[in-house]
Amino acid sequence: MMSPPDVLQTGTPRTIAPRTHTYSTDLGERETLQHSRSDWKIDGPRAPRDERRRAQHNEVERRRRDKINNWIVTLSKIIPDCNMDNTKTGASKGGILSKACDYIRELRQTNQRLQENYKEVERIQVDNELLRQQIEDLKNDNALLRAQLQQHGLEISETASQ
C-alpha cells in the first residue's frame with residue numbers, strides 16, 4: 001500500500017479551510033451533537049414554539065396511524081377467513097392487507113363472470129322471445145290453413161293435428 005505522502009504527491013502542504021462556526025466541547029445535559037446530511041449542529045433545549053409544533057406533529061401522526069389501524073381492523077372483520085383472533089396479537093397488518101387484495105381480486109373475477117352470465121341470459125331471453133313469436137306466427141298460419149281446409153270441405157280431427 002502507499003503511504004499518505006505518496007498518494008498526495010504535492011510539493012505544497014495542504015491547507016484546511018477555516019471553520020465558520022466554533023463548536024463547544026461543553027455540551028451540557030440536554031445538548032447533543034447531531035449530524036444531519038452533511039452538516040453538524042448543536043441541538044440545545046427546544047423553544048416552546050418548537051415543542052408545540054413537535055407535539056402537534058406527533059398528535060397528527062398518531063391520529064393518522066390510528067385511522068390506518070382502525071381501517072385495517074375493519075377490513076379484517078369484512079374479509080372472510082381473516083380473523084383477528086388467529087394469534088394472541090391477531091393477524092398481521094400485512095397479512096390482512098394481502099387477504100383484502102386477494103378477496104378484491106376474487107370479487108372482481110366473480111363480478112366479471114356474473115356480468116358474462118347476465119349477458120348470456122339476456123341473449124337467451126331475446127332468442128326465447130323470437131321463438132315465441134315464431135310459434136305465434138306458426139299457430140296463426142296453422143289456423144289459416146285449417147280455415148282454408150274447412151272452406152274446401154275437408155275436416156281435420158284435433159287428434160291428427162297434434
Would you mind reporting whether Ile68 and Arg65 have side-chain heavy atoms less than 4.5 Å apart?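 No, too far: nothing below the 4.5 Å cut-off.
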Any heavy-atom pair between the side chains of Gln148 and Leu154 that's under 4.5 Å?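 Leu154 does not reach Gln148 side chain to side chain.
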Quick one: pull up [atom1] in [X] and [atom2] in [Y] and give me the separation to the nearest 0.5 Å.
X      : Y      : atom1 : atom2 : result
Leu130 : Ile135 : CG    : CD1   : 11.5 Å
Ile124 : Leu131 : CD1   : CG    : 11.0 Å
Glu51  : Arg54  : CD    : CZ    : 6.5 Å
Ile96  : Cys101 : CD1   : SG    : 12.0 Å
Asp141 : Arg146 : CG    : CZ    : 12.5 Å
Tyr103 : Asp81  : OH    : CG    : 10.0 Å

Is a side-chain donor or acceptor of [X] paired with a backbone partner of [Y] at a separation under 3.5 angstrom?
X      : Y      : answer
Asn142 : Leu138 : no
Ser98  : Gly94  : no
Asn111 : Leu107 : no
Lys99  : Ile79  : no

Closer than 4.0 angstrom, basic N to acidic O: yes or no for [X] and [Y]?
X      : Y      : result
Arg123 : Glu120 : yes
Asp102 : Arg105 : yes
Glu59  : Arg62  : yes

Would you say the side-chain atoms of Glu129 and Gln125 include a donor-acceptor pair closer than 3.5 Å?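 Side-chain D/A pair, Glu129 to Gln125: absent.
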Under the criterion salt bridge (Lys or Arg N to Asp or Glu O under 4.0 Å), I'd like the reasoning laid out for Glu61 against Arg64: C-alpha separation, chi angles, the key distance, then a yes or no. CA-CA 5 Å; Glu61 181 64 21; Arg64 185 188 71 82; 2.6 Å; yes
For Glu116, does the CD atom have more than 12 heavy-atom neighbours from other residues, nucleotides or ligands under 6.0 Å away?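 Result for CD/Glu116: enclosed.
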Could you tell me which residues satisfy salt bridge (charged side-chain N to carboxylate O under 4.0 Å, His left out) with Arg113, sequence neighbours excluded, listed by chain and number?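 Once residues adjacent in sequence are excluded, Arg113 has no partner under the salt bridge (charged side-chain N to carboxylate O under 4.0 Å, His left out) criterion.
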Evaluate side-chain contact (heavy atoms from CB on, under 4.5 Å) for Asn70 paired with Lys67, printing each intermediate quantity in order. CA-CA 5 Å; Asn70 288 337; Lys67 281 183 185 178; 5.7 Å; no
